[in-house]
Every structure is written in structure tokens, then in C-alpha cells.
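Just so it is clear, the model here is predicted, and its values are computed rather than measured.
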Amino acid sequence: MILKWTVFDVKCSDGNVGLIFTKGDLKEVCEEIAKYKVGAPARVGQVAPVDVVVPLGNIGLDPSQTSFFQVLNTPTKINKGTVEIITHVELIKKGDKVGSSEAALLPNLASGHWVHPRLLFCQTWHRAILIRPEVLDLTEDALIEKFALGVSMVTSLVLAIHYPTIATAPHMLINGYKNLLVVAIETE
């Protein structure tokens, strides 16, 4: 028996790694594990699981806390004794590391605790193939749409180079019929 070794993604082997063995449907297992989510405050150096956008308007902080916004280059004004943000501010982008100013500011905002799964799927091993978790989210309609798009692209390419195939046969017959009609109309 020959064993095949596969190199796992480096991101998945960093930190605590767990293996789940199942004979069940992979999508159902992912959904079951995704149910267990907890809220956690942002920490310095943590990778942001979601985008954090601070909407414009009054955020309810007192004027002594404007230093956070100055460090983050966020335009603010003081209105009726509270801090008001003048424009929408994208505080953190998904995948970026949280800085000390963002970590100090987030608990003061409504979006201070983001919900993230305790377990993240990096890769799924199924029948000796590594699958990304995005593949499990594909529906049958999406697969049919992608297949139809691929067939139409191949058909248009083959039509452009005038190479007959099963996919282009109906188009070639219709185009030939159109050419015959043009010739018939011109000869009358």
C-alpha cells in the first residue's frame, strides 16, 4: 500500500489544530459546529474576523475620549456634550490585525464584541482531496450556473474559430440557415 502525504496549509497548522472525523454530511457537520459561537472583545494583535464600520452620528462618548479618534484619523465634532462622528469610518478590515487604539475604542462602541466561531474550518479532507470550506457553501443552483457559464464560454470560443462540436452544432445550423435566407432575399 502506498501512502500519499499532503501538505496542509500553513494557516491551518498554526495554533491549536483539531481534527474531526465523521461519516456524516460535511455541510451538516460545518453547520453544527458553526452554532457554537461566542462574543469576545477585540485584543491587540488579533486578526479581525469581520469588518468594523463606525457609522456617522452620535456615538455617546464624552468629549474626553476624542484622543482615540485623533489617533485613528477619524473626523469628529462635539455636539451637546457627546462625540459625533462626521463620516463613516472603516475602523478595521476583515483579516487585518487589531491595533492598540482599535482595541481600546471597540469596547466603547456598540460593536465592541464581535461574534466568532470557536472552531474555524481551514480545510476539509474528503476522499484524499483537500477542500476549502467555501466549496461546502455552494448550492446545486450555483453549480449549474457555473457549468452553464463554462459551456457558453467554450461554445463561443469554438464558434469563433469555426470548429464544429456538439455544443456548436445548433448555432452553426442556425447561422447557415440565416446565410441561406440572406442569399435568397438578395437573389429575388
Side-chain angles (χ1 to χ4, degrees), residues 1-61 65 68-69 71-74 83 85 87-155 167:
M1 174 186 233
I2 299 173
L3 295 176
K4 294 183 180 178
W5 293 94
T6 305
V7 179
F8 286 94
D9 194 356
V10 175
K11 293 178 187 175
C12 293
S13 62
D14 187 25
N16 295 331
V17 177
L19 300 175
I20 299 172
F21 298 95
T22 182
K23 289 186 178 182
D25 184 31
L26 292 176
K27 189 167 184 162
E28 289 176 7
V29 172
C30 289
E31 289 171 358
E32 182 65 29
I33 290 175
K35 288 180 187 176
Y36 301 99
K37 294 184 179 191
V38 293
R43 294 185 304 253
V44 178
Q46 179 184 16
V47 175
V50 293
D51 290 334
V52 177
V53 177
V54 181
L56 70 112
N58 192 337
I59 56 171
L61 297 177
Q65 296 180 336
F68 292 120
F69 296 104
V71 170
L72 297 170
N73 295 324
T74 304
V83 176
I85 295 179
T87 61
H88 287 285
V89 177
E90 192 170 303
L91 192 61
I92 303 171
K93 291 183 180 179
K94 181 179 179 178
D96 288 350
K97 288 197 175 191
V98 178
S100 58
S101 299
E102 291 95 346
L105 178 63
L106 277 173
N108 296 328
L109 301 174
S111 59
H113 286 69
W114 46 44
V115 177
H116 62 88
R118 290 183 180 184
L119 297 174
L120 295 174
F121 282 99
C122 290
Q123 294 176 342
T124 304
W125 178 275
H126 182 66
R127 296 184 182 162
I129 299 172
L130 286 175
I131 303 171
R132 295 227 169 261
E134 297 86 30
V135 174
L136 297 176
D137 295 335
L138 287 176
T139 62
E140 194 171 316
D141 293 336
L143 288 174
I144 290 171
E145 182 181 321
K146 292 201 181 279
F147 180 76
L149 179 66
V151 168
S152 68
M153 292 181 86
V154 168
T155 303

Study note, to complete from the structure: For Glu145, the side chain to side chain donor-acceptor pair (under 3.5 Å) test, sequence neighbours excluded, returns none
**Study point:** Residue list, side-chain contact (heavy atoms from CB on, under 4.5 Å) with Lys97, at least two apart or on another chain
**Key:** Val47
Point to revise | Sequence-distant partners of Val151, side-chain contact (heavy atoms from CB on, under 4.5 Å), two or more places apart | key: Phe147, Thr155
Exercise for review: With sequence neighbours left out, write down each residue that passes side-chain contact (heavy atoms from CB on, under 4.5 Å) with Ile144, or none if nothing qualifies.
Suggested key: Glu140
Point to revise | Qualifying residues under salt bridge (Lys or Arg N to Asp or Glu O under 4.0 Å), relative to Glu28, sequence neighbours excluded | key: none
Point to revise | Residue list, side-chain contact (heavy atoms from CB on, under 4.5 Å) with Ala142, at least two apart or on another chain | key: Leu138, Thr139
Practice item. Apply side chain to side chain contact (heavy atoms under 4.5 Å, CB included) to Ile92 and Val98, showing your working. Key: CA-CA 7 Å; Ile92 303 171; Val98 178; 4.1 Å; yes
